[in-house]
Trainee: 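Supplied in structure tokens, the structure appears directly below.
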Amino acid sequence: MMPAGFSPGDFAFLAPELVLTAGLLVLLVADVVLPRGRHGALAWLAIAVLGLTGAVTVPLFAYTVTVARGVVAVDGFALFFKLVFLFAAAITILLSKQYLEVEAVKPGEYYFLVLCATLGMMFMAAGLDLVTLFIGLETMAVSFYVLTGFIRPNRRSNEAAIKYFVLGAFSLGILLYGMSIIYGMAGTTKLREIAVALANEGGSPALRLAVILVACGMAFKIAAVPFHMWAPDVYEGAPTPVTAFLSVGSKAASFAMLLRLMVEGLPFMAVDWRGLFYVLAVLSMTVGNVAALTQGNVKRMLAYSSIAHAGYVLIGLVAGSARGITATLVYLAIYAFMQLGAFGVLAMLRKQDVVGDELKDLSGLFFRHPASALAMLVFMLSLGGIPPTAGFMGKFWLFSAAIESGYVWLAVIGVLNSAVSLYYYVRVIVFMWMKEQVITAPLAPAPALATALAIAVAGTLVLGIYPSPLFELAEASARTLGVAAPALTLQ
């Protein structure tokens, strides 16, 4: 491990964050200097920034070090998530280009906020200090508060932003209260020092209260039951590409931060937080799937589906083994493809006089635009866990990790919930293929949107048929988590 003291050489290891920061500032300046009518180029500038950031991220997989006085990790775990965030942001921008033109809003600030949210996510995955994690979390959260209400004339968007902000501030207070107790007991904010300082305090009531508060605060961010009340309204009211990014990027970043907190900082409390997340996983899977059954709005349906998927991902955390952590990383990467793709189809349906997020808006989609109907078919089957899609491989890995760790009933509950979810996923397919057309306006997705959907479909199918490279990368990345936390052995 690299010494904890700061070195100018640390800047090389912080290259992804530095490149992204410089890029988003350049984007903001370009928004001002570009002449009216040329702002469409900002989307490609934002994607170029994300591509350059990814290019400087990949070489860092050769290292496992801590930088910036030990508060930031450069390891496989953080780098894996950084690539997921960058991919999700790039697809979101491709989905947004046509959508923003229909909404007739300036895209500069929008792309700037997407990049800001991505920057916050990167620190959430790499943070080894409570303060670093908090700064990353708030950078992401504030960006999403604004993005949710970005379409100012839209009352649903404004209402969603207010609800998200108020409930987000409340959950943040709970999280900070838990963190403050941990800091007060350990005398440090560094996760690995907390693990050492509090190793013998596992039975302390105060520490158990802190774990509960931290878990509750993070459960809000991942939209786990019973802290899910914000998700349906926010998902429905936010602009569709923002909803896609929120459901993928924010969820993945929050799980990365949760894993850092529990595995790096509180491994000696594993028995307590595993039991807590066991309950949250069961509640999230069950409530999310049952509530989704009756939804007529596809965005609300996908919101409840996202709650259920949070429950599935929590299975990997409950398992706590190397296989469980690997399964968590794999599933979050796979989820990015199928969830972004599903929302991409809804974004394509947005027209001047059509919101495009109701089930009836999908009626007869196969006859209006066969390619998008086929893409949606792939995404729905993958979300339902049907082979040979990537969603099946992700769920199989999660459930097998639970069985391997002795949580057989948790895996059984997960399988049963997956069966229940097929009803509302197949319902979408029925509307696309078997219902009469309600809207006859022709669909013509822009090249950027079509490219995003093609990438999502390809990823969903390829990772279902040949997932080995993703599994191998995720396994190698998972083993870099908790290297200084011997109390939770990742075997």
Side-chain angles (χ1 to χ4, degrees), residues 1-4 13 63-82 121-137 175-176 178-183 185-202 207-208 210-215 217-219 221-222 252-274 276-277 313-314 316-326 328-329 332 474-491:
M1 299 295 291
M2 188 176 181
F13 293 108
Y63 302 92
T64 301
V65 299
T66 60
V67 298
R69 298 188 183 274
V71 302
V72 176
V74 180
D75 55 21
F77 177 82
L79 297 171
F80 180 92
F81 274 105
K82 288 178 184 179
M121 294 173 193
M122 294 171 74
F123 278 107
M124 289 172 68
L128 289 176
D129 186 277
L130 296 178
V131 176
T132 305
L133 292 172
F134 170 75
I135 292 173
L137 176 63
L175 177 64
L176 285 177
M179 286 182 171
S180 66
I181 294 175
I182 293 173
Y183 169 67
M185 296 184 67
T188 179
T189 57
K190 294 183 178 180
L191 297 181
R192 293 174 179 176
E193 293 180 7
I194 289 172
V196 174
L198 300 181
N200 298 321
E201 301 289 338
L207 189 55
R208 286 179 175 172
V211 171
I212 293 173
L213 292 173
V214 169
M218 294 307 302
K221 297 301 180 184
I222 63 175
S254 299
F255 268 107
M257 179 174 167
L258 182 60
L259 286 166
R260 283 286 185 197
L261 284 168
M262 298 303 166
V263 178
E264 296 272 14
L266 300 167
F268 52 90
M269 297 289 292
V271 174
D272 296 276
W273 52 254
R274 275 177 175 167
L276 182 59
F277 290 129
V313 179
L314 281 173
L317 184 58
V318 172
S321 61
R323 186 183 180 92
I325 304 301
T326 299
T328 299
L329 270 61
L332 288 170
E475 184 177 11
S477 300
R479 291 190 179 278
T480 66
L481 178 69
V483 293
L488 183 65
T489 306
L490 299 180
Q491 297 295 340

Trainee: For residues Val214 and Leu175, determine if any side-chain heavy atom of one lies less than 4.5 Å from a side-chain heavy atom of the other.
Mentor: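 SC-SC contact between Val214 and Leu175 confirmed.
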Trainee: Which heavy atom of Ala474 sits nearest to which heavy atom of Leu329, and what is that distance?
Mentor: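 Of all heavy-atom pairs spanning Ala474 and Leu329, the closest is O-CD2, 3.8 Å.
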Trainee: Apply side chain to side chain contact (heavy atoms under 4.5 Å, CB included) to the pair Leu79 and Lys82, showing each step before the final yes or no.
Mentor: CA-CA 5 Å; Leu79 297 171; Lys82 288 178 184 179; 4.1 Å; yes
Trainee: Can you list everything that forms a ring-ring contact (aromatic ring centres under 6.0 Å, His included) with Phe77? Sequence neighbours excluded, please.
Mentor: Phe81
Trainee: Are Leu481 and Glu264 side-chain neighbours, meaning at least one heavy-atom pair lies under 4.5 Å?
Mentor: yes
Trainee: What I'd like to find out is whether the side chain of Asp129 reaches to under 4.5 Å of the side chain of Phe134, using heavy atoms alone.
Mentor: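 When only atoms from C-beta onward are counted, Phe134 and Asp129 do not touch, as no gap falls below 4.5 Å.
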Trainee: Atom CG in Asp272, atom CZ in Arg208: separation rounded to 0.5 Å?
Mentor: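 So the gap between those two atoms works out to 5.0 Å.
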Trainee: Measure the CD1-OG1 distance between Ile194 and Thr189 for me, rounded to the nearest 0.5 Å.
Mentor: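 So the gap between those two atoms works out to 6.5 Å.
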Trainee: Do Phe13 and Val65 come within less than 4.5 Å of each other through their side chains, counting heavy atoms only?
Mentor: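 They are in contact (side-chain heavy atoms under 4.5 Å apart), so the answer is yes.
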Trainee: With rounding to the nearest 0.5 angstrom, report the CZ to OG1 distance, Phe255 to Thr328.
Mentor: 7.5 Å
Trainee: Got Ile222 and Leu314 here, is their nearest side-chain heavy-atom distance under 4.5 Å?
Mentor: yes
Trainee: Which is it for Val313 and Leu317 under the side chain to side chain contact (heavy atoms under 4.5 Å, CB included) test, yes or no, and what are the steps along the way?
Mentor: CA-CA 7 Å; Val313 179; Leu317 184 58; over 6 Å; no
Trainee: In a check of side chain to side chain contact (heavy atoms under 4.5 Å, CB included) between Met218 and each of Leu259, Leu258, Leu213, which one passes?
Mentor: Leu258
Trainee: So how far is it from Ser477 OG to Ile325 CD1, rounded to the nearest 0.5 Å?
Mentor: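 The distance works out to 12.0 Å.
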Trainee: Which one of Leu133, Val71, Thr132 satisfies the side chain to side chain contact (heavy atoms under 4.5 Å, CB included) criterion with Leu191?
Mentor: Leu133
Trainee: Identify the two heavy atoms, one from Ala78 and one from Ala73, that lie closest to each other, and give their separation to 0.1 Å.
Mentor: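 Shortest heavy-atom separation between Ala78 and Ala73 comes out as CB-O, 3.9 Å.
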Trainee: Ala253 and Met121: which non-hydrogen atoms are nearest, and at how many Å?
Mentor: CB-CG, 3.6 Å
Trainee: Please evaluate residues Met257 and Leu261 with respect to the criterion side chain to side chain contact (heavy atoms under 4.5 Å, CB included), reporting the C-alpha separation (whole Å), side-chain torsions for both, the decisive distance (0.1 Å), and the verdict.
Mentor: CA-CA 6 Å; Met257 179 174 167; Leu261 284 168; 4.1 Å; yes
Trainee: Return yes if some donor-acceptor pair links the side-chain N/O of Lys190 with the main-chain N/O of Arg69 below 3.5 Å, else return no.
Mentor: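 Yes: the side chain of Lys190 pairs with the backbone of Arg69.
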Trainee: I need the Leu207 CG to Met185 CE distance, nearest 0.5 Å.
Mentor: 5.0 Å
Trainee: How close do Val211 and Trp273 get, heavy atom to heavy atom, and via which atoms?
Mentor: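 Residues Val211 and Trp273, closest heavy atoms: CG1-CB, 4.0 Å.
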Trainee: Restricting to non-hydrogen atoms, name the atom on Gly70 and the atom on Leu128 that form the minimum distance, rounded to 0.1 Å.
Mentor: O-CB, 3.7 Å
Trainee: If you look at every heavy atom in Ala197 and Ala186, which pair is closest and at what distance?
Mentor: CB-O, 4.0 Å
Trainee: Rounded to the nearest 0.5 Å, how far does CG of Leu266 lie from CZ of Arg260?
Mentor: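 Output value for this atom pair is 14.0 Å.
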